[in-house]
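What follows is a short report on a single structure.
These numbers were taken from a predicted model, which means no experiment stands behind them. The chains referred to below are lettered A, B, ... by the order of the sequence lines, with proteins before strands, and numbering in each begins at 1.
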Amino acid sequence: NAGVTQTPKFRVLKTGQSMTLLCAQDMNHEYMYWYRQDPGMGLRLIHYSVGEGTTAKGEVPDGYNVSRLKKQNFLLGLESAAPSQTSVYFCASDRQGRTGELFFGEGSRLTVL
Amino acid sequence: DAKTTQPPSMDCAEGRAANLPCNHSTISGNEYVYWYRQIHSQGPQYIIHGLKNNETNEMASLIITEDRKSSTLILPHATLRDTAVYYCIVHPAPIKAAGNKLTFGGGTRVLVKP
């Protein structure tokens, strides 16, 4: 049981480049989330999904797009990367109806030069 | 969601109990108290949650005051591996199809010393 898996774990981009972060969970969870964490700070919610084919904006959605074509996968896209998007990105999932017991991936460290 | 206040840092001795306080004086009746921790560079890990009653699991105990305005997470026998940032979060009970959009603030940086 792998839990929540994020790929890639590290990536360096140049300003203006695009990329996609993949989050995969094998727990059949309905809910999935993307957070970002800047140095010395807590986590901020970017986008989330409450089911296959649905997405919604979180606290800091600008500059990001997401898709949930399959229940087990949640993709986070950066269409034109900016240095302000340098951060560690965490994906999480949990089961509908359960009280806030999120399972997190190990994170993806993104640097935009 | 109600705001929480935690001390920015604290030290504790290995083998002793660690008591982590959290203030949530504006908590609403339907809001739960959650605790997570984040060991350096890893994703946050769920520890425990509660509504009114005290709770205990294999990792920790959660003590919630009768007026629910504050709580304490207790790590009964702290080890060096418990060194982490601990987040206290207040969030309502889940509404179907709304997700559990937890807010992670600054947390308490706990250093367990030998």
Side-chain angles (χ1 to χ4, degrees), chain A residues 2-6 9-10 21 23 25 27 29-61 66 68 74 87-109, chain B residues 1-6 8-9 22 24 27-28 30-53 55 57-60 62 64 71 84-109:
Chain A
V4 178
T5 303
Q6 295 181 226
K9 290 185 171 46
F10 302 94
L21 297 176
C23 177
Q25 53 93 5
M27 297 172 283
H29 285 169
E30 291 81 11
Y31 300 159
M32 296 187 75
Y33 314 83
W34 275 109
Y35 286 88
R36 63 175 287 175
Q37 185 174 35
D38 299 323
M41 299 182 67
L43 283 73
R44 293 183 292 170
L45 183 64
I46 305 172
H47 285 280
Y48 66 100
S49 168
V50 297
E52 182 178 316
T54 73
T55 63
K57 295 180 180 180
E59 179 187 356
V60 289
V66 288
R68 183 102 180 266
F74 195 28
S87 189
V88 181
Y89 293 84
F90 289 100
C91 176
S93 72
D94 70 333
R95 191 180 302 282
Q96 179 179 338
R98 288 294 300 271
T99 46
E101 185 177 346
L102 274 62
F103 293 81
F104 280 83
E106 290 300 307
S108 297
R109 184 175 298 275
Chain B
D1 298 354
K3 178 180 171 59
T4 62
T5 303
Q6 299 177 253
S9 64
C22 180
H24 31 79
I27 191 169
S28 300
N30 70 336
E31 290 184 312
Y32 286 75
V33 179
Y34 298 90
W35 284 85
Y36 279 75
R37 74 179 183 182
Q38 186 175 24
I39 297 171
H40 181 63
S41 298
Q42 298 181 18
Q45 177 189 23
Y46 165 84
I47 300 173
I48 198 167
H49 75 276
L51 183 62
K52 295 180 181 179
N53 300 321
E55 303 288 344
N57 63 20
E58 65 278 5
M59 291 182 67
L62 174 59
I64 302 174
S71 61
V85 177
Y86 288 76
Y87 297 99
C88 171
I89 300 165
V90 170
H91 189 71
I95 301 172
K96 187 176 180 181
N100 290 300
K101 302 180 288 292
L102 303 186
T103 299
F104 291 78
T108 296
R109 190 171 298 274

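- Not a single donor-acceptor pair under 3.5 Å links the side chain of B/Tyr87 to the backbone N or O of A/Gly42.
- Contact detail for B/Lys101 and A/Tyr35: the closest heavy-atom pair is C-OH, 4.1 Å.
- With rounding to the nearest 0.5 angstrom, the CG atom of A/Leu43 is 11.0 Å from the OH atom of B/Tyr36.
- Using a 4.5 Å heavy-atom threshold, the side chains of B/Tyr46 and A/Asp94 count as separate.
- Within the 4.5 angstrom heavy-atom criterion, only side-chain atoms of A/Leu45, from C-beta onward, approach chain B.
- Residue-environment remark: CZ (A/Arg109) stays at or below the threshold of 12 foreign heavy atoms within 6.0 Å.
- Contact record, B/Pro44 with A/Phe90: CD-CD2, 4.4 Å, taken as the closest heavy-atom pair.
- Atom CD1 of residue B/Ile47 and atom CD of residue A/Glu101 lie 11.5 Å apart, to the nearest 0.5 angstrom.
- Residues B/Asn100 and A/Tyr33 are in side-chain contact: their nearest non-hydrogen atoms beyond the backbone lie under 4.5 Å apart.
- With a 4.5 Å cut-off on non-hydrogen atoms, A/Gln37 touches chain B through its side chain but not through its backbone.
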